[in-house]
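Positions are given from 1 along the sequence. As the structure is a prediction and not an experimental result, all values here were calculated from the model.
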Amino acid sequence: MKLKMTTNRILRWRVLACLVAGVLTMISAPREAAAQPAAAESPEFVRQLDLIHFSHTDYGFTDHPAVCRDMQQRYLDIALDAALATQDLPDEARFRWTAETTVAVEDWWQAAAPARREQFLQAVRAGQLEVTALPFNNTPFLNRDQWQVMTHWLPENLWKELAPQTAVQNDVNGFPRAGAAALLDRDVRYLFSGINSDSGGPPLPRLTAFWWKQPDGRKLFVWMSLTYGDGFFFFETEEWRRGPLPLAADARYRPPRAGDVLRTDEASLRKAHAQCLARLRQFERNGYRHAVLPISMTSMWRYDNDPPFPPLSEFVAAWNQLGLQPKLRLATVTQAMRDLEQAAGATAPEYAGEWTDWWANGTASAPREVAASRFAKRFLAAAQSPVWGPLDAAGQTRVTELLKDVCLFDEHTWGSGMSVGLPYSLDAQGQFNEKARFAWRPMALAEWLLGQRARTRLVGEGEGLWLANSGPAPFSGWAQLITSCLRDDYRSLVDPATGERRQLVFEPGPLWGRPQKLDDLSREDVSATFPDRVPNRFARFWVEHLDPVSVQRLELSKESAADAPIASPPPTVETSERGWPASATWPGMNRPLFTAGLGDFVSVKVNGFAPRWVLRDIMETGDSGQRAGLQQEKLELIVAKASSEATVEDGPHTIRYTQSLEHPRLQWATRQLEIWKRQPRARLTFRLNRISSFDPELLCVVSPLPCDGVLPRFSSGGMGFTPFSDQIPGACRDYFAIDGWAHYATPDGHWLWVTRDAPLVTVDGPHLKSRITEVPPRTGRVLAIVYDNCWYTNFQGDSPGVMEFQFDLVWREQLDGDRAAETLADGLVNEPVIVINPGLPEHPLLMRHLFRP
């Protein structure tokens with residue numbers, strides 16, 4: 001039935017195409033003299049204007065993400081039928097369409113019948129359809145495994161048929177260098193970038209072609225285009241869309257039709273020509289000198305997530321029949337990029353460095369969801385560890401599925417266009433619910449997969465408590481149990497290989513039941529429903545140097561034990577007046593692990609009416625002096641104060657400091673610093689309860705290291721870079737999206753700072769809307785941006801409640817390069833997996849059907 005309907009639709013298109021061809025002939029025949037315009041009616045340099053037609057893909061923003069995904073799939077049918085209907089026309093009258101992203105292509109391909117698939121491939125081979133290389137426009141928070149998934153999203157046989165040559169990154173203000181390397185690995189040669197200037201902008205002047213040199217010497221040819229939909233305004237002076245964001249379901253609004261825009265009568269064409277010349281002359285006055293100019297355009301229904309506009313090919317043909325200059329060509333993106341490379345490649349400048357993203361700050365508007373996505377990525381890495389043995393095909397399929405989910409979480413659309421303006425609307429709530437699903441779902445399923453892998457590997461190994469280190473580095477630290485798993489009054493653990501006995505250290509925690517007294521509830525117990533200070537709810541035991549990718553068997557014992565204190569000298573810890581550590585130095589170190597201010601909490605408040613518009617005024621102020629004046633007038637830095645003396649727990653392995661803080665934006669805050677005795681290492685855990693507010697603000701946790709004057713080394717997508725010195729000129733320097741670590745290499749050793757939950761950092765900030773270009777003085781001062789709701793759209797306007805952020809600091813005499821830093825950082829946040837086996841065997845049916853991945 002579908003094939004029959006498709007055939008009828010193609011026949012109708014072909015009849016229409018014949019009529020269009022006849023009309024064009026009638027237009028051109030009596031006006032041969034008009035086909036040669038006067039010199040004044042031509043641009044000075046541009047001879048061909050390449051129009052790249054696509055739909056800018058937002059999974060959300062205009063509509064619920066599920067609706068967007070359905071529409072994008074349907075758009076491919078429209079584009080395919082338009083291409084088939086015009087395939088027999090002269091080349092300049094054929095419809096062409098570029099699939100900006102590949103998620104919809106895979107959706108469409110999986111649903112299409114074999115005959116329809118062949119029509120699609122035929123249109124690709126004919127140059128009327130093109131599929132680009134990436135599944136969506138991305139944020140810079142993808143890790144190395146995700147970039148592999150991103151560039152292998154389509155089935156491999158389909159990828160080979162389509163042979164993508166160009167990647168498109170539209171809207172977003174940056175693109176990770178790791179993504180460029182992954183594209184080059186797949187023989188993708190071009191990157192088309194249609195940046196949205198809102199709240200950031202392109203790093204280089206628009207209409208700049210350049211070679212982006214990678215650390216290994218390979219180069220990607222990049223086109224810094226106009227904003228992705230700006231091609232429409234080469235021919236029209238007024239925006240046709242209304243709304244600005246009516247839902248697709250709202251039948252009071254519609255996509256433009258033939259005759260609404262881009263009309264093909266002579267008067268309209270000449271009016272469009274005058275508009276085109278005005279814009280081209282502006283660009284030529286600003287220095288554009290190439291004979292070809294690629295520009296992209298969407299439909300004008302909502303600008304984003306818009307369908308193909310089939311009459312565009314009629315407009316192009318009519319323009320050229322009238323002899324207007326420059327010539328128009330409806331091209332796919334690679335057709336345009338190849339011609340641009342031929343025209344500009346030999347003289348295009350070369351740039352190197354990370355292309356950091358102004359829009360990265362929006363991700364910090366949802367800290368819990370970001371933390372969940374990062375847990376998901378760590379669980380997936382742990383589940384693939386060789387400690388469990390080979391991962392079978394079914395398990396690998398599940399890993400890929402979940403990696404695709406977290407990739408979609410790192411897609412650039414976070415919510416409704418009215419996510420801040422109407423945050424409690426069903427549309428805004430529904431869109432973010434779907435977005436957040438791509439963090440929570442893979443976190444839960446990846447943890448389940450890791451549990452399955454651990455059981456499958458260890459349940460058959462015999463009775464005992466099995467401890468597994470799935471990570472790439474040795475583990476030293478606390479392993480934790482919920483005491484209800486012990487099923488008896490156990491007090492210690494014994495290593496049967498050595499006879500060493502390890503103490504179980506018991507601590508209070510939550511219990512299902514009714515609180516009996518006020519002391520059962522901590523100040524963090526926000527609901528006061530169940531007690532959270534019941535004695536002996538958790539048990540910890542110390543693990544010293546568990547080898548990477550290894551397992552260890554321990555035996556539970558009812559015999560009490562006390563861990564022996566270390567024999568080597570402990571670190572020297574200096575504290576503030578209220579007992580909070582100001583520094584810690586171990587034997588052999590010339591400088592401390594950290595300096596005064598570790599764990600400080602600072603916020604930036606925006607003063608003024610309609611504060612997000614105040615921020616916009618600051619951001620858009622071109623003069624740096626005026627911007628600094630506005631910042632001083634409108635931005636207020638507020639530092640949290642200690643509200644209690646620090647408590648100290650001095651044990652055989654660590655010293656733990658805990659202190660309460662007070663801040664006007666927090667219901668409460670607690671910082672805890674645990675200092676290892678055997679090695680130069682510390683862990684800062686910061687918990688806060690943010691008071692609900694839609695006012696824009698920046699919240700940061702401070703980590704000062706004794707490394708001023710040295711630039712850190714960060715990484716993005718598994719590829720290292722040095723901020724300020726190793727960036728594309730003009731890219732964001734106010735803050736940086738990172739994989740999770742900062743490495744300082746100094747003559748006095750190496751400092752490594754690791755963030756578990758908050759992957760957005762600033763150096764010696766905060767630098768809210770600062771557009772800094774110079775290296776700040778205190779380069780050793782790293783601030784984790786744990787919350788930022790300064791965006792006015794797309795991102796979340798308010799994320800109140802309890803949040804936790806963990807940071808690790810370590811010093812090493814030697815740490816050789818990015819890979820070593822990454823391995824150590826992964827090891828610091830990795831937690832051991834515990835499996836408790838009783839003496840009774842597990843039933844084989846449970847192992848086969850429940851616990852096998």
So, the side chain of Thr456 versus the backbone of Gln452: is there a donor-acceptor pair under 3.5 Å, distance only? yes

Indicate whether the side chain of Trp791 and that of Asn361 have a donor and an acceptor atom separated by less than 3.5 Å. yes

Nearest 0.5 Å, please: how far is OG in Ser660 from CH2 in Trp668? 9.5 Å

Which pair of non-hydrogen atoms, one from Ile785 and one from Cys700, has the smallest distance, and what is that distance? CG1-SG, 4.1 Å

Testing the 3.5 Å rule here: is there a donor-acceptor pair between the side chains of Asp427 and Gln431? yes

Taking atom CD1 as the centre, does Ile482 end up with more than 12 heavy-atom neighbours from other residues, nucleotides or ligands that are less than 6.0 angstrom away? no

Do Asp798 and Ser692 meet the criterion of a side-chain donor-acceptor pair at a distance under 3.5 Å? yes

Check this for me: does any side-chain nitrogen of one of Arg502 and Glu559 sit under 4.0 Å from a carboxylate oxygen of the other? no

Counting the benzene-type ring for Trp, do Phe601 and Phe686 have ring centres under 6.0 Å apart? yes

Within 6.0 angstrom of Lys605 NZ, more than 12 heavy atoms from elsewhere: no

I need the single residue from Trp741, Phe807, Trp811 that forms a ring-ring contact (aromatic ring centres under 6.0 Å, His included) with Trp753. Which is it? Phe807

Between atom CG of Leu504 and atom CG of Leu486, what is the distance when rounded to the nearest 0.5 Å? 6.5 Å

So, the side chain of Thr654 versus the backbone of Ile675: is there a donor-acceptor pair under 3.5 Å, distance only? no

Separation of Tyr787 OH from Arg368 CZ (nearest 0.5 Å): 9.0 Å

Side chain of Arg378, backbone of Val829: donor and acceptor closer than 3.5 Å? no

Is the shortest heavy-atom distance from the side chain of Glu636 to the side chain of Val604 under 4.5 Å? no

Taking atom CD as the centre, does Glu842 end up with more than 12 heavy-atom neighbours from other residues, nucleotides or ligands that are less than 6.0 angstrom away? yes

Indicate the atoms forming the closest heavy-atom contact of Gly471 with Pro548, along with that distance. O-CB, 3.4 Å

Donor-acceptor pair, Trp580 side chain versus Leu598 backbone, under 3.5 Å? yes

As an exercise, state the distance from NE2 of His849 to NE2 of His843, rounded to the nearest 0.5 Å. 10.0 Å

Determine whether Asn536 and Thr483 satisfy the following criterion, side chain to side chain donor-acceptor pair (under 3.5 Å), listing intermediate values before the conclusion. CA-CA 7 Å; Asn536 300 333; Thr483 53; over 6 Å; no

Indicate yes or no: does Arg578 engage Glu645 in a salt bridge with an N to O separation below 4.0 Å. yes

Is there a donor-acceptor pair closer than 3.5 Å between any side-chain N or O of Asp757 and the backbone N or O of Gln806? yes

Shortest non-hydrogen pair, Ile836 vs Cys485, comes out as CD1-SG, 3.7 Å

Pair Phe694, Tyr424 - check ring-ring contact (aromatic ring centres under 6.0 Å, His included), show working. CA-CA 12 Å; Phe694 282 93; Tyr424 296 123; 5.6 Å; yes

For the side chain of Trp751 and the backbone of Leu593, is there at least one donor-acceptor N/O pair under 3.5 Å apart? yes

Flag for Ser419-Asn794: side-chain donor and acceptor within less than 3.5 Å: no

Using side-chain heavy atoms (C-beta onward) and a distance below 4.5 Å, is Tyr657 in contact with Thr575? yes

Chi angles and distances behind the side chain to side chain contact (heavy atoms under 4.5 Å, CB included) call for Ser693, Arg690: CA-CA 9 Å; Ser693 173; Arg690 179 180 173 272; 4.1 Å; yes

Restricting to non-hydrogen atoms, name the atom on Phe432 and the atom on Trp414 that form the minimum distance, rounded to 0.1 Å. CD1-O, 3.6 Å

Going through the checks in order, is the salt bridge (charged side-chain N to carboxylate O under 4.0 Å, His left out) test met by Glu804 and Arg756? CA-CA 10 Å; Glu804 179 180 286; Arg756 184 189 67 181; 2.9 Å; yes

Less than 4.5 Å apart, any side-chain heavy atom of Leu673 and any of Phe594? yes

Whether Arg537 and Glu507 form a salt bridge (side-chain N of Lys/Arg under 4.0 Å from carboxylate O of Asp/Glu) is what I want to check. no

Hey, is the main chain of Ala669 close enough, under 3.5 Å, to the side chain of Arg523 for a donor-acceptor pair? yes

Would you check if the side chain of Asn469 reaches a backbone N or O of Ala473 as a donor-acceptor pair within less than 3.5 Å? yes

Is the shortest side-chain heavy-atom distance between Val406 and Gln146 below 4.5 Å? yes

Intermediate values then yes/no, side chain to side chain donor-acceptor pair (under 3.5 Å), Thr413 and Glu411: CA-CA 6 Å; Thr413 315; Glu411 191 265 343; 3.0 Å; yes

Residue pair Ser557 / Arg501, side-chain donor-acceptor N/O under 3.5 Å: yes

Spacing of Ile738 atom CD1 and Thr755 atom OG1 [to the nearest 0.5 Å]: 6.5 Å

Side-chain heavy-atom pair Val802, Arg687 within 4.5 angstrom cut-off: yes

Side chains of Trp388 and Leu450: closer than 4.5 Å at any heavy-atom pair? yes

Please examine the side chains of Leu445 and Arg398, heavy atoms only from C-beta on, and report whether any two atoms are closer than 4.5 Å. yes

Looking at Asp489 and Lys558, is any side-chain nitrogen of the basic one under 4.0 Å from a carboxylate oxygen of the acidic one? no

Asp739 and Lys377 ion-paired at < 4.0 Å: no

Side chains of Ser603 and Glu697: is there a donor and an acceptor less than 3.5 Å apart? no

Just by distance, no angles: are the side chains of Trp478 and Glu674 close enough, under 3.5 Å, to form a donor-acceptor pair? yes

Does NZ or CZ of Arg441 lie under 6.0 Å from the centre of the six-membered ring of Phe409, at an angle within 45° of the ring axis? no

Give me the atom names and distance for the closest heavy-atom approach of Pro664 to Ile691. O-CD1, 3.8 Å

Kindly indicate whether the side chain of Arg656, heavy atoms from C-beta on, has any atom under 4.5 Å from the side chain of Val648. no

Could you go through Ser492 and Gln503, starting from their C-alpha distance and side-chain angles, then the distance that decides it, and tell me whether this counts as side chain to side chain donor-acceptor pair (under 3.5 Å)? CA-CA 5 Å; Ser492 63; Gln503 178 185 4; over 6 Å; no

Check Pro766 against Leu698 and note the closest heavy-atom contact, atom names and distance. CB-CD2, 3.5 Å

With the threshold set at 4.0 Å, does a side-chain nitrogen-carboxylate oxygen contact exist between Asp600 and Arg671? yes

For the backbone of Lys517 and the side chain of Asp520, can you confirm whether one donor and one acceptor N or O come within less than 3.5 Å of each other? yes

For Arg453 and Glu447: C-alpha separation, side-chain torsions, deciding distance, then whether salt bridge (charged side-chain N to carboxylate O under 4.0 Å, His left out) applies. CA-CA 10 Å; Arg453 293 276 279 159; Glu447 187 175 23; over 6 Å; no

Over 12 non-hydrogen atoms of neighbours within 6.0 angstrom of CZ in Arg455: no

Ser470 backbone acceptor or donor facing Ser385 side chain under 3.5 Å: yes

